Amino acid sequence: MPIRFCSPRFLVFVFLISAIPIAYIISEERAVPTTHVFHYHSAGFFRECAKWDDQGRRFLVSFLEGGVGEIRVPDDYAPGPGAVVLKEVTLVKDFDLAGNSSLGIAVDRLRNRLLVVVADLLGNRYSGLAAYDLSSWKRLFLTRLSGPSDEKSFADDVAIDAGGNAYVTDAKASKIWKVGADGEFLSIIRNPLFTPKQWYKTLVALNGIVYHPDGYLIVIHTFSGNLFKIDLAKGYEVKLIEVVGGSLVFGDGLDLLSPTKLVVAGNPSGRLVESSDGWETASVVAKFKGPIHRLSTAATVKDGKVYLNHLVGMGYPKKTHALVEAVF
């Protein structure tokens with residue numbers, strides 16, 4: 001018997017199916033958080049990355065629609081039920097980059113600047129890295145990493161080494177761009193280990209990246225869950241970190257809680273990874289479950305505590321976003 005898409009029974013079925021996730025989201029939003037949460041109002045639905053700027057006592061956030069904002073946190077502010085909802089203030093909105101997303105960000109306090117990854121989200125026709133003065137918000141440089149005539153690429157996240165060099169991951173073509181401290185394009189890091197054999201694991205490639213104070217990079221490959229160590233002093237030698245105790249599949253943004261502890265954002269909301277041998281091997285030692293429906297995308301450390309940025313804001317016309325403390 002053919003399906004009658006306008007029949008009352010079919011319409012009731014569609015309503016019931018759609019009501020299940022809506023009811024779940026409403027339930028999750030009404031639930032009392034088990035950890036501290038910084039809620040803030042924003043004009044946009046999507047916030048890709050957040051990093052804590054300790055000197056400025058503020059969270060800096062990137063806009064998926066393009067731009068950067070700040071959420072200032074008063075010294076006497078106590079996050080939790082009944083707390084005042086903080087406010088996002090736009091700091092950067094470059095008209096010459098309209099149509100591109102702002103993605104991973106990194107605070108470079110030594111040079112008083114913020115590095116921002118910029119990319120064409122849908123077409124993968126442009127990737128770049130911008131730097132802004134943390135006081136005046138003047139753009140210091142804009143480095144083009146790829147354009148329409150290059151291979152399709154998607155710049156995603158960035159880390160800064162001790163010399164001010166930046167390393168930007170390509171979530172599309174599985175490579176890393178290196179940009180000098182003054183914005184000059186330097187080189188591209190490629191390695192066969194970055195490309196899994198299974199085609200479906202290449203759909204989202206290199207993503208979160210951090211610089212370790214011992215002189216190497218730690219990078220995650222999202223769809224394979226592989227974690228890599230890249231030694232900058234050994235000609236960009238790449239090693240696959242042997243991880244036990246759990247999977248890192250769908251891992252997104254990274255941050256170091258200490259030289260031996262790494263936080264991995266991405267659903268499920270957060271995972272804590274530890275290493276006792278200089279990140280030759282590592283173990284997933286704890287997991288944190290936050291508001292999964294909001295999609296955890298980045299991690300940052302504030303006053304020794306981990307906070308997870310979530311992509312999706314809820315509400316209208318004001319969108320409420322959540323920076324959720326992850327307790328492991």
Side-chain angles (χ1 to χ4, degrees), residues 40 42 47-73 88-98 100-119 126-146 154-170 176-189 207-213 215-219 230 232 253-256 297-303 307 309 323:
Y40 66 93
S42 167
R47 295 295 174 257
E48 168 66 16
C49 186
K51 293 296 179 182
W52 174 248
D53 174 21
D54 189 60
Q55 187 171 324
R57 304 305 296 174
R58 58 188 173 177
F59 289 102
L60 296 171
V61 296
S62 61
F63 305 168
L64 202 64
E65 70 271 22
V68 174
E70 68 172 5
I71 300 98
R72 290 198 171 269
V73 181
E88 174 190 277
V89 176
T90 299
L91 299 171
V92 172
K93 201 74 173 175
D94 289 335
F95 293 104
D96 60 337
L97 291 173
N100 292 294
S101 296
S102 297
L103 299 152
I105 59 176
V107 177
D108 184 1
R109 260 295 163 195
L110 185 62
R111 297 163 191 84
N112 194 49
R113 64 186 185 180
L114 181 75
L115 297 189
V116 182
V117 175
V118 181
Y126 177 82
S127 289
L129 179 69
Y132 301 89
D133 185 276
L134 281 167
S135 302
S136 67
W137 292 102
K138 176 184 177 181
R139 192 166 76 191
L140 305 175
F141 65 74
L142 173 63
T143 304
R144 196 189 87 160
L145 303 174
S146 70
F154 183 66
D156 193 277
D157 202 5
V158 59
I160 309 163
D161 69 16
N165 300 301
Y167 301 85
V168 181
T169 54
D170 182 350
I176 298 171
W177 293 281
K178 182 178 180 181
V179 177
D182 296 323
E184 67 276 23
F185 178 82
L186 296 179
S187 61
I188 295 177
I189 303 171
N207 198 327
I209 183 170
V210 292
Y211 172 74
H212 193 282
Y216 49 85
L217 302 170
I218 299 175
V219 188
I230 304 173
L232 302 181
L254 308 178
D255 207 353
L256 285 169
T297 55
T300 190
V301 178
K302 175 188 181 295
D303 302 329
Y307 288 88
N309 175 78
L323 294 161

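As the structure is a computational prediction, the values presented were derived from the model and not from experiment.
- A search for side chain to side chain donor-acceptor pair (under 3.5 Å) contacts involving T297 returns N309, not counting sequence neighbours.
- Partners of S127 by side chain to side chain contact (heavy atoms under 4.5 Å, CB included), not counting sequence neighbours, listed by chain and number: A119, L145, S146, S153, A155, W177.
- Residues passing the side chain to side chain donor-acceptor pair (under 3.5 Å) test with R109 are D53, N112, sequence neighbours excluded.
- Between A50 and V61, the closest heavy-atom pair is CB-CG1, 3.7 Å.
- A donor-acceptor pair under 3.5 Å is absent between the side-chain atoms of T300 and the main chain of Y307, judged by distance alone.
- Looking at residues two or more places apart in sequence or on another chain, you find no side chain to side chain donor-acceptor pair (under 3.5 Å) involving D182.
- Interatomic distance, R57 CZ to W52 CH2, rounded to the nearest 0.5 Å: 4.0 Å.
- Without hydrogens or angle criteria, T143 side chain to G183 main chain gives a donor-acceptor distance under 3.5 Å.
- Note on ring orientation: taking the six-membered ring where Trp is involved, the planes of W137 and Y132 are tilted (angle from 30° to 60°).
- Among residues two or more places apart in sequence or in another chain, the side chain to side chain contact (heavy atoms under 4.5 Å, CB included) test is passed with R111 by D108, R113.
- Applying the salt bridge (charged side-chain N to carboxylate O under 4.0 Å, His left out) criterion to R139, with sequence neighbours excluded, gives D94, D96.
- For G104 against V158, the heavy-atom pair with the smallest separation is O-CG1, 3.9 Å.
- Distance check: I176 CD1 to I230 CD1 gives 3.5 Å after rounding to the nearest 0.5 Å.
- A distance of 5.5 Å separates OG1 of T90 from CD of E88, quoted to the nearest 0.5 Å.
- With sequence neighbours excluded, the residues that form a side chain to side chain donor-acceptor pair (under 3.5 Å) with K178 are Y236.
- Put simply, the side chain of S62 gets close to the backbone of C49: a donor and an acceptor are under 3.5 Å apart.
- For L60 against V107, the heavy-atom pair with the smallest separation is CD1-CG2, 4.1 Å.
- For the pair D303 and D54, the minimum side-chain heavy-atom distance is below 4.5 Å.
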For this session: For side-chain contact (heavy atoms from CB on, under 4.5 Å), just list the numbers for L134 and R58, CA-CA rounded to whole Å, side-chain angles, deciding distance to a tenth of an Å, and then say yes or no.
Result: CA-CA 11 Å; L134 281 167; R58 58 188 173 177; 3.8 Å; yes
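- In this structure, CG on L217 lies 6.0 Å from OH on Y167, to the nearest 0.5 angstrom.
- Taking the ring pair (Phe, Tyr, Trp, His ring centres under 6.0 Å) definition, one finds that Y216 meets it with H212, sequence neighbours left out.
- When all heavy atoms are compared, the tightest approach of I160 to Y211 is O-CB, 3.3 Å.
- Expressed to the nearest 0.5 Å, how far CG of L91 lies from CG of L114 amounts to 9.0 Å.
- Partner of D157 under the side-chain contact (heavy atoms from CB on, under 4.5 Å) criterion, out of I209, V117, V210: I209 alone.
- Residues meeting the side chain to side chain contact (heavy atoms under 4.5 Å, CB included) test with E65, sequence neighbours left out: R47, F63, K93.
- Annotation for S101 and L64: closest pair OG-O, 2.6 Å, computed over non-hydrogen atoms.
- For the ring pair (Phe, Tyr, Trp, His ring centres under 6.0 Å) test, no residue two or more places apart in sequence or in another chain qualifies with F154.
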Problem set entry | Steps toward side-chain contact (heavy atoms from CB on, under 4.5 Å) verdict (R144, L142) | CA-CA 7 Å; R144 196 189 87 160; L142 173 63; over 6 Å; no
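- In this view, D170 and K175 satisfy the salt bridge (charged side-chain N to carboxylate O under 4.0 Å, His left out) rule, not counting sequence neighbours.
- Once rounded to the nearest 0.5 Å, the distance linking CZ of F141 with CG of L129 reads 5.0 Å.
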